[in-house]
Trainee: 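Have a look at this one.
Positions are given from 1, in the same order as the sequence printed here. Predicted model, so just to flag it, every value in this text is computed and none were measured.
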Amino acid sequence: MVESIFVAGSLPKLAAKARLKFDKVREKHLLLLPEKVVVLNETAASILRLCDGSQTVNTITESIRTSLMAGSETRNSGALPDFKTMEADISEFLQEMADQGWVVIQHEDAEP
């Protein structure tokens, strides 16, 4: 397995060529790219909405986890994976998005 370039201090953001949109007719989240449209599931759209270059992978994971816990009728946090597992899954997803050129990575200690 290739080690992810996403670490706690990574600040992912959508690439300049990418734009998120909700298609009301089809009731689907879309990632619009030059000459390509990617249909996203709710989780992917939620993660990408948080990729604004100001939030770390850690804070994105916290936001997603909080949202999932708030949306759970049972409020049973045991039904959710632990934080580190979620962070690894989100990092892997963001790595795939970066590999496609749809997300760019900055680091907290880097100059903007």
Trainee: Under a single-linkage definition using a 4.5 Å side-chain heavy-atom cutoff for Ile, Leu, Val, Met, Phe, Trp and Tyr, are I60 and M69 assigned to the same hydrophobic cluster?
Mentor: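 In one cluster with I60: M69, yes.
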
Trainee: With sequence neighbours left out, what residues match K24 under side chain to side chain contact (heavy atoms under 4.5 Å, CB included)?
Mentor: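 Once residues adjacent in sequence are excluded, the partners of K24 under the side chain to side chain contact (heavy atoms under 4.5 Å, CB included) criterion are F22.
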
Trainee: Could you check if a side-chain atom of I47 sits within less than 4.5 angstrom of a side-chain atom of M97, using non-hydrogen atoms only?
Mentor: no

Trainee: So do L20 and L31 actually touch side chain to side chain, heavy atoms under 4.5 Å?
Mentor: yes

Trainee: Would you please name every residue forming a ring-ring contact (aromatic ring centres under 6.0 Å, His included) with F83, sequence neighbours left out?
Mentor: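 Partners of F83 by the ring-ring contact (aromatic ring centres under 6.0 Å, His included) criterion come out as none, since no residue qualifies.
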
Trainee: List the atom of Q55, the atom of P12, and the distance in Å for their closest heavy-atom pair.
Mentor: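 That would be O-CD, 3.5 Å.
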
Trainee: Between the side chain of T61 and the main-chain N/O of V57, is any donor-acceptor distance below 3.5 Å?
Mentor: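 Such a contact is found between T61 side chain and V57 backbone.
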
Trainee: D52 and K13: which non-hydrogen atoms are nearest, and at how many Å?
Mentor: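 In this case the closest contact between D52 and K13 is C-CB, 3.6 Å.
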
Trainee: Out of V39, N41, L40, which residue meets the side chain to side chain contact (heavy atoms under 4.5 Å, CB included) rule with K28?
Mentor: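 For K28, the side chain to side chain contact (heavy atoms under 4.5 Å, CB included) check succeeds only for V39.
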
Trainee: Mind listing the closest non-hydrogen atom pair of W102 and A18 along with its distance?
Mentor: O-CB, 4.0 Å

Trainee: Judged by atom type as modelled, is there a donor-acceptor pair below 3.5 Å linking the side chain of R19 to the main-chain atoms of L14?
Mentor: no

Trainee: Apply side-chain contact (heavy atoms from CB on, under 4.5 Å) to L68 and M86, showing your working.
Mentor: CA-CA 11 Å; L68 289 173; M86 284 186 74; 3.7 Å; yes

Trainee: Do L50 and V38 belong together in a cluster built from hydrophobic side chains that touch within less than 4.5 Å?
Mentor: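 Hydrophobic grouping puts L50 with V38.
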
Trainee: Check I64 against S46 and note the closest heavy-atom contact, atom names and distance.
Mentor: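 Closest approach of I64 to S46: CD1-CB, 3.7 Å.
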
Trainee: Do K84 and E87 meet the salt-bridge criterion of a basic N to acidic O distance under 4.0 Å?
Mentor: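 Looking at K84 together with E87, the answer is yes, because their closest N to O distance falls below 4.0 Å.
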
Trainee: Looking only at non-hydrogen atoms, find the nearest pair between A15 and G101 and report the distance.
Mentor: CB-O, 3.3 Å

Trainee: Consider only side-chain N and O atoms of N58 and T56, and report whether a donor and an acceptor are under 3.5 Å apart.
Mentor: no

